[in-house]
Every structure is written in structure tokens, then in C-alpha cells.
Amino acid sequence: MAPVVSTRLSASDHYTAWKARWGINRMGFSIAPGLYAIGAPTPASPVLVSANYILSFDALRSSCVGIDAWILVLDTKGVNVWCAAGKGAFGTEELITRICEAKLDQVVAHHKVIVPQLGAPGVAAHIVRRRTGFSVVYGPVRSRDIPVFLSKNMHADPHMRRVHFTLYDRLALVPMEITGAMSYFLLVAALFFILSGVHVWGYSAQMALVKGKYQLLMLANAFVCGAILGPLLLPFLPGRALSLKGFVLGLASAAGPVPYLYRAGLFGAVESVAWILMVPAASSFMLMNFTGATPYTSLSGVKKEMKYALPVQIGCAGAGVLLWLAARCI
Amino acid sequence: MAGCPMYLKNVTTLTYDRERCSGCGMCATVCPHGVFSIQEKRAVAGERDACMECGACMVNCPESAIFVKAGVGCAAAVITVMLG
């Protein structure tokens, strides 16, 4: 018998989702592949295919309140449907294997499996049908549309077939951006803080304490742009390339505090120029790396923007660091 | 806001051979950015700049009428490959 799972998420399920969003124990969120039941499914009930990533599985089952269905979980090595489909783990062979292993032809009387639309890059529907006799019906992009999809005799309205990238979607990605960049940020911040005590006569810890905090302010500026503001403001930033969006945002965020710190005598002229170069470079690089988290950037496009952006980022960052070091020695 | 921001113009490797199309509509079903639609019983590739090269249309075309150099648009992954 297939294990029966609840359509209601417990407090512990929500805690797991929160941890996954912050990247805590990120690779430990897989469930056993195979056939599950929600409600009291019969041989006439629909079969919904999912990945063995806990957030995918939980999103699916919590969308199916009051529905009797079978859930066929593929072994995607704990990776979500879309990413696993892109790499082929959520794929034709795996689906065929699971249909056979679950003896699905003996469990249900119909010959249909509902595969999430975003699983399509890995699944060739016509091959699955030829090899197993089961037709693949592509379900909606978002699991929350499944009840309507089922009620309309397995028809998805056009808007259910489109991927969106709403403010909420982008906000959900921010914790992972922060977690991913934090260790680099702390390392660079420590370096800049320590080095800000360097001057032409030697080293002064007192000076590091006085000047270091303004260096940290500028680094924090770049970090907030690249990890938080960039993702959130993405559609409103100028340009199409994410590296350009990040550069413009970084430049804008440096344009306020740097002249202020210069006029206040806290930054020298050379140091000011250094930060005007380094903040946009860092913000641009970070937002360029956000391409992997978006649902609309193509590999060809990413390669094209990198060809132009990487030299600019390296040039600005390199020149900025040299000027910043030179400013210590003047 | 609806949909996604538009990415770079004229970069997609998507090609489509109308002569081979049987009009099954699978490409229009699986494309997450609505690039394909069915008009007069044949698929039409509309807003090609919206293509993210996921490969879903190519994989699900029973007539092999669609080609795209499928891949994941992730700069971090490209850098990882570059660094070996």
C-alpha cells in the first residue's frame, strides 16, 4: 500500500521550509521516491508526479486539500522539479522506471500521469507513452492551480502555463542570496578593516578602528545592493543584462555616501574614486550571479553578458583595490 | 507584475522547422514563456526573445521540428565550468 500523507502542513513542515530557504542543511531535504496517497484515492483517481525535494512535495500536497489522488515521487536527488528537469534527473527514464516499479497499471484503471509543466525539459511525453502506455498530461506551472486544473477536466488556462517572477518570488530568494554571499562578505570586510590601519609610516590599530567602519559601510552598501535590493528591484532597474542592472544600482548607491564622506574629510579623493569603482563592480558581479535563480535567463544570454561584464567587473574591482591601497600610502 | 522581465535580444539558439510540424501543440503547452502558439493547425514561434532555452519544446516535439541548444542560464555555473 502507498503511504498516505496529509494535505495540511505542520509547524515542523513550515520550519523545514524556512530552513531550506536559508540554505541550512540544504542538501538534506529529500524524501523517499515512490508512490504516495493523499485522501482516499481509488483506481479512478489522478496520478500527480513530483520530485523528491521536500519543498516540491510539500507545495504539491498542501495544494490538494480535499482531493483524492496518487503522488508518484521521482528520485531527483533532493532537487526541485525544474532544476532537476534541466539536468535530466527529473526525466523520461526516471519516470518510466517509477511507473513500472510502482506497478501503476495495477494501481489505476486509467493511463494518464500528470507531470508538472516545469518537468517538461526532462520528460519526452511521446517516449513515455510509447514505452509505458501512460500518457503524460502536463499540469499547471504552480501546484496551487491543480484543483482548478483537475476540475476543468485536466485543462490549464494560459496564465497557469506561464512562469512569473513576482516581488514575492524574488523576496523568497533573498535569504539564499544573503547566505550564499555572507562568507565572502565577512572575509573581504575583515581584510578591508585590517588594511585600513595601514599608512605610510607603518600600521595603526587606532586608525583601523576610526577608518575601518567607513570601509565596512561601503562594503555593506555593495552587499545590500547585490543580495537584497538588486533581486527585489530587478524589473525596475535599467537595462536587460543583470550585470548592467547591478552596476547601475551599485553606482547609485555609492553616489550618495561617497561624496558625503569626501566632503566630511573621512575619505580622500583617491579613496573616493576607489569606492566609486569597487561598489558597482561588486554589485554587478553579485546580480549577474543571480541569473541562476531567475526563471527567464537563457544560457546564450548569460554567456553573452558575461563576455562584456566580466572584464568590466574585474577592471573596476582591480583598479579600485589598487587605488584604495595607494590611498593608504599617500 | 505579470510575466517576467525581458532578457537579452537576439541571443536564443531556438530554431523551428514549420514544414515538419504536425500541429500537436505540445510546444505551446510546455513553454513557460508562451513563445509558441498554434495558428492554422501549425505551431508559430512568436516572441523568440522570451525563450530561456530550457529545451522543453524540443524534448516534447514528436516530429523533431524544434531545435534549441538547451542549457541553464546561470552565471555561477558558467564560472564554475570556466574555472574547471
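Below, chain A is the first sequence line, B the second, and so on; all start at residue 1.
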Asks: For a 4.5 angstrom cut-off between non-hydrogen side-chain atoms, does A:P121 reach B:V59?
Replies: no
Asks: With heavy-atom distances below 4.5 Å as the criterion, would you say the side chains of A:K87 and B:V72 are in contact?
Replies: yes
Asks: Short question: side chain of B:N60, backbone of A:H126 - any donor-acceptor pair under 3.5 Å?
Replies: no
Asks: So which of A:T92, A:L310, A:L299 has the biggest tally of heavy-atom pairs under 4.5 Å with chain B?
Replies: A:L299
Asks: Taking atom NE2 of B:H33 and atom OG of A:S298, what is their separation to the nearest 0.5 Å?
Replies: 9.5 Å
Asks: If I measure from the heavy atoms of chain A, does B:C57 come under 4.5 Å with its side chain, its backbone, both, or neither?
Replies: neither
Asks: Considering only heavy atoms, which portion of A:M306 lies under 4.5 Å from any heavy atom of chain B: side chain, backbone, both, or neither?
Replies: side chain
Asks: Take a 6.0 Å sphere around CZ of A:R144 and say whether it holds more than 12 heavy atoms from other residues, nucleotides or ligands.
Replies: no
Asks: Heavy-atom cut-off 4.5 Å, strictly under: side chain, backbone, both or neither for B:C61 against chain A?
Replies: backbone
Asks: Nearest 0.5 Å, what's the CZ-CD1 distance between A:F285 and B:I79?
Replies: 4.0 Å
Asks: Tell me, for A:L118 versus chain B, whether the close heavy atoms (under 4.5 Å) come from the side chain, the backbone, both or neither.
Replies: side chain
Asks: Given heavy-atom pairs under 4.5 angstrom as the criterion, report whether the side chain, backbone, both or neither of B:M26 touches chain A.
Replies: side chain
Asks: Could you measure the distance from the SG atom of B:C74 to the CG atom of A:N289? Nearest 0.5 Å is fine.
Replies: 7.0 Å
Asks: If you count heavy-atom pairs under 4.5 Å between each of B:T13, B:V68, B:V11 and chain A, which one has the most?
Replies: B:V11
Asks: Please report the interatomic distance NZ(B:K9) to CZ(A:R240), rounded to the nearest 0.5 Å.
Replies: 5.0 Å
Asks: Do you know which of B:G71, B:P62, B:A77 has the most heavy-atom pairs with chain A at a distance under 4.5 angstrom?
Replies: B:P62
Asks: Please answer whether the main-chain N or O of B:T12 pairs with a side-chain N or O of A:S300 as donor and acceptor at a distance below 3.5 Å.
Replies: no
Asks: Roughly how far apart are A:T291 OG1 and B:M52 CE, rounded to 0.5 Å?
Replies: 10.5 Å
Asks: Under 4.5 Å between any side-chain heavy atoms of B:Y7 and A:L242, yes or no?
Replies: yes
Asks: Which answer fits A:Y168, side chain, backbone, both or neither, if we ask what part of it has an atom under 4.5 Å from a heavy atom of chain B?
Replies: neither
Asks: Only heavy atoms, only distances under 4.5 angstrom. Which residues in residues 151-163 of chain A are near chain B?
Replies: A:R161, A:R162, A:V163
Asks: Once rounded to the nearest 0.5 Å, what's the spacing between atom SG of B:C4 and atom CG of A:L234?
Replies: 9.5 Å
Asks: Which atoms of B:A76 come close to chain A, meaning under 4.5 Å heavy atom to heavy atom: side chain ones, backbone ones, both, or neither?
Replies: both
Asks: Are any of the side-chain heavy atoms of B:P32 and A:W82 separated by less than 4.5 Å?
Replies: yes
Asks: Establish, from distance only, whether the side-chain atoms of B:T29 and A:Q117 form a donor-acceptor pair under 3.5 Å.
Replies: no
